[in-house]
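Position 1 is the first residue of the sequence; numbering continues from there.
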Amino acid sequence: MGVPQTMEILSARAALVRESLQKSQNVTENMVSILGSFDYRLSALETAMRPTQIRTHSIRMAHENIDKTLKAAESMLAQFDLTRKAEAKILRGPHEDLEMYLEAISQLRSTNRYFTSNKNFKRNEAILTHTSNLLVKAISKLEDEFRQLLTNYSKPVEPERLFDCLPNSLRPSSASRQGDSGSKNSSEHHNKSLEASVFIPPTLIPPRVLPLLHDLAQQMILAGHQQQLFRIYRDIRGAVLEQSLRKLGVERLSKDDVQKMQWEALEAKIGNWIHYMRIAVKLLFAGERKICDQIFEGADALQDQCFADVTTSSVSVLLSFGEAIAKSKRSPEKLFVLLDMFEIMRELQPEIDTLFGSKACIEMRDSALSLTMRLAETAQETFVDFEEAVERDATKTAVLDGTVHPLTSYVINYVKFLFDYKSTLKQLFQGFEASDPDAQLGVVTKRIVQALQTNLDGKSKQYRDPALTQLFLMNNIHYIVRSVRRSEAKDLLGDDWVQIHRRIVQQHANQYKRISWAKILQCLTVQASGSGGASGDAGGGLSRAMVRDRFKTFYIQFEELHQRQSQWTVPDSELRESLRLAVAEVLLPAYRSFINRYGHIENGKASQRYIRYSPEDLERMLNEFFEGKTFSEQKR
């Protein structure tokens, strides 16, 4: 196909395209014209409808306002109805139905909030005034009900009930319940008995009443009557707690009262005080804390302040007695009761810290801790006083027979008793000494025993007979050593101390033998003569007159020793037999030898005139030494 032909075809097609475009433009213009006509008509219709729309919206808003007004009116009428019902319950008082009464108070508070938030109501102020006055009356009746309910169910706890709450090991006997429980208890055994002890606080207020008291308290708190509530609770519960303690036997005693008391009466009161402290803290105060927390649950500050004020007077009475004892004149016999008191305060410290842990109770907690420290200080000072008193003891009580001095038995029993308080003493030393408490107890024991020995040395010089001096020291040191060996003191003083003092006992026994028997033994010896001494002549170096004189002198001296030393005493049977044996082992062989050698220098009855005793007679008489016999007993 040629080019001219192709060009014709393309031109024809282009003409068709132009014709199509022209038709499309005409259609578009026609559609725009039609749509413009519709827009005009719709605008006119909207203008015509606007008044109708406005009227319809106004009608709808009017209906909504009517509904709101009706609902507000219904709500207000409901509040009036509820207020009327609540008022009727308030006027009847809380006695008929306390729970309904409390609901009525809550309703009045709700009504007050309702009208406070609806300020547009014309009679709003009048209604608020009315409900507020009703609330004042209601709370006033509520206070009376709280006071009446708390008073009716708050009764002092009888001692028997308190004793039943104690572990069996701590329940006083029937005799001690009469007021003389005493204080002489073993600290070590006492601690062991408490390891598994369970204390069950008594029911101070019936459990069914506590929720009612709690609800009453809550309403009073909401009404802003905390102070009135606080005073009512403090006055009632505080008085009942004090009555419970008085029934138990607690009494307020001043330092002057304590100083005027005889020791036996004071010791009994201290023993009772220890029991009172345990009962007060573990039972009564614990019970008060429990009911206080339940009644004032949700009001922590009021809980703590009420508990503090309820217990403060009772705590003061109990602690003031302890302070009076701690500050009274020190004496050795008070040490053990001071340790008992220190021990109970240490035992109760965890409970005191828990019960009185709040800021409101800090003064009572500090007072208890101060008493504990004061008791420890006084006990420490009494230790020093006792040591000095032992060393300076100047009593003129003479033990004429050389036996164990009363001071020795007193001091050793004192030391042995101290070891019943071993754990308490360790606690005491830990509070004041940085060193090992066991070592400190050993040091204290050694100092006391050394002070005793120093005093005994001085007392021994009162004897005119030096043999009795040695016997006295032997008896007393032996008593100390034997007592130490049989007690826990041995572990602290050590084996070396025991061995050293056993040698001291032996030294005094040897000194006694030397002083008492050296002179009499000379009567049984034969001194060498220039002619050959004790060789073969009949007299063995002694003339008959000298032999008779020796026998006479020996018997005179022996009888004097027998008369005197049978009045002396060696109280320990083993030591007594040992000393007699030691004397017999020296005396009897010498006497037998002398008789065998010189007993036949004269024949027949002549020798019997100057040989009064056989060796067996002497042995029998030696067995009468150190028996503490009186002169009349010797004659019999």
Side-chain angles (χ1 to χ4, degrees), residues 149-172 176-177 181 190-191 193-214 217 233-250 272-300 302-319 322 343-358 360-361 364-365 367-368:
L149 200 60
L150 189 62
T151 301
N152 289 345
Y153 291 100
S154 292
K155 303 298 179 186
V157 186
E158 295 297 326
E160 293 297 327
R161 275 188 62 205
L162 291 171
F163 297 149
D164 290 341
C165 296
L166 294 171
N168 289 331
S169 60
L170 291 176
R171 292 181 185 178
S176 65
R177 292 187 187 194
S181 60
H190 165 71
N191 282 340
S193 69
L194 286 181
E195 286 176 1
S197 295
V198 177
F199 294 81
I200 305 171
T203 300
L204 301 181
I205 292 178
R208 63 183 176 80
V209 179
L210 291 171
L212 298 177
L213 290 169
H214 170 263
Y233 188 85
R234 177 199 62 196
D235 294 346
I236 294 173
R237 288 307 309 169
V240 168
L241 177 59
E242 289 176 29
Q243 288 173 37
S244 297
L245 288 173
R246 278 198 297 272
K247 280 178 172 284
L248 189 62
V250 175
N272 288 334
W273 178 86
I274 290 168
H275 293 300
Y276 299 157
M277 281 297 298
R278 187 178 287 114
I279 289 171
V281 173
K282 291 181 177 285
L283 300 181
L284 290 173
F285 296 162
E288 289 294 341
R289 178 85 250 188
K290 184 178 179 181
I291 64 170
C292 199
D293 289 349
Q294 289 178 286
I295 292 173
F296 299 107
E297 183 181 2
D300 294 347
L302 198 57
Q303 277 180 350
D304 296 335
Q305 192 59 54
C306 280
F307 175 73
D309 276 50
V310 164
T311 54
T312 185
S313 177
S314 297
V315 170
S316 174
V317 170
L318 287 164
L319 296 186
E343 181 183 326
I344 190 62
M345 292 304 296
R346 289 276 301 184
E347 176 194 323
L348 298 176
Q349 198 64 51
E351 281 92 342
I352 291 172
D353 290 342
T354 300
L355 292 172
F356 300 92
S358 67
C361 299
M364 286 180 282
R365 189 172 68 251
S367 295

Are [X] and [Y] close enough that some pair of their side-chain heavy atoms sits under 4.5 Å apart?
{"X": "L212", "Y": "Y153", "value": "no"}
{"X": "F199", "Y": "L170", "value": "yes"}
{"X": "F296", "Y": "Y233", "value": "yes"}
{"X": "W273", "Y": "V250", "value": "no"}
{"X": "M277", "Y": "L348", "value": "yes"}
{"X": "V310", "Y": "C292", "value": "no"}
{"X": "R278", "Y": "E347", "value": "yes"}
{"X": "P207", "Y": "T203", "value": "yes"}

Tell me if a side-chain donor or acceptor on Q243 pairs with a main-chain N or O of P156 at a distance below 3.5 Å.
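Absent.
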Within the side chain of R171, is there an N or O that forms a donor-acceptor pair under 3.5 Å with the backbone of L166?
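Yes, the answer is positive, given that a donor and an acceptor are paired below the 3.5 Å cut-off.
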Given the rule in the side-chain contact (heavy atoms from CB on, under 4.5 Å) test, do L213 and L149 qualify, once you have shown the distances and angles that lead to the verdict?
CA-CA 8 Å; L213 290 169; L149 200 60; 3.8 Å; yes
Please assess C306 against R234 for the test side-chain contact (heavy atoms from CB on, under 4.5 Å), listing each intermediate value before the final yes or no.
CA-CA 6 Å; C306 280; R234 177 199 62 196; over 6 Å; no
Can you see which heavy atom on [X] is nearest to which on [Y], and at what distance?
{"X": "I344", "Y": "I274", "answer": "CG1-O, 3.9 Å"}
{"X": "A360", "Y": "Q305", "answer": "CB-OE1, 3.7 Å"}
{"X": "F163", "Y": "I279", "answer": "CE2-CD1, 3.9 Å"}
{"X": "L204", "Y": "L284", "answer": "CD1-O, 4.1 Å"}
{"X": "P202", "Y": "L162", "answer": "CG-CD2, 4.0 Å"}
{"X": "I205", "Y": "S154", "answer": "CD1-OG, 4.1 Å"}

Carboxylate-amine/guanidinium contact D304 R289, below 4.0 Å:
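So D304 pairs with R289 through a salt bridge.
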Output all residues satisfying side-chain contact (heavy atoms from CB on, under 4.5 Å) with V315, sequence neighbours left out; order by chain, then residue number.
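Once residues adjacent in sequence are excluded, the partners of V315 under the side-chain contact (heavy atoms from CB on, under 4.5 Å) criterion are F285, T311, L319, F356, M364.
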Begin with the C-alpha distance, continue with both residues' side-chain angles, and end with the deciding distance and a verdict on side-chain contact (heavy atoms from CB on, under 4.5 Å) for I295 and Q303.
CA-CA 8 Å; I295 292 173; Q303 277 180 350; over 6 Å; no
Take Q294 and H214 through the side-chain contact (heavy atoms from CB on, under 4.5 Å) test and state the conclusion after the steps.
CA-CA 7 Å; Q294 289 178 286; H214 170 263; over 6 Å; no
By side chain to side chain donor-acceptor pair (under 3.5 Å) - contacts of K282 (at least two apart)
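Checked K282 against side chain to side chain donor-acceptor pair (under 3.5 Å); matches are E351.
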I need the [X] [atom1] to [Y] [atom2] distance, nearest 0.5 Å.
{"X": "T354", "Y": "Q349", "atom1": "OG1", "atom2": "CD", "result": "10.0 Å"}
{"X": "C361", "Y": "I352", "atom1": "SG", "atom2": "CD1", "result": "11.5 Å"}
{"X": "S244", "Y": "E158", "atom1": "OG", "atom2": "CD", "result": "8.0 Å"}

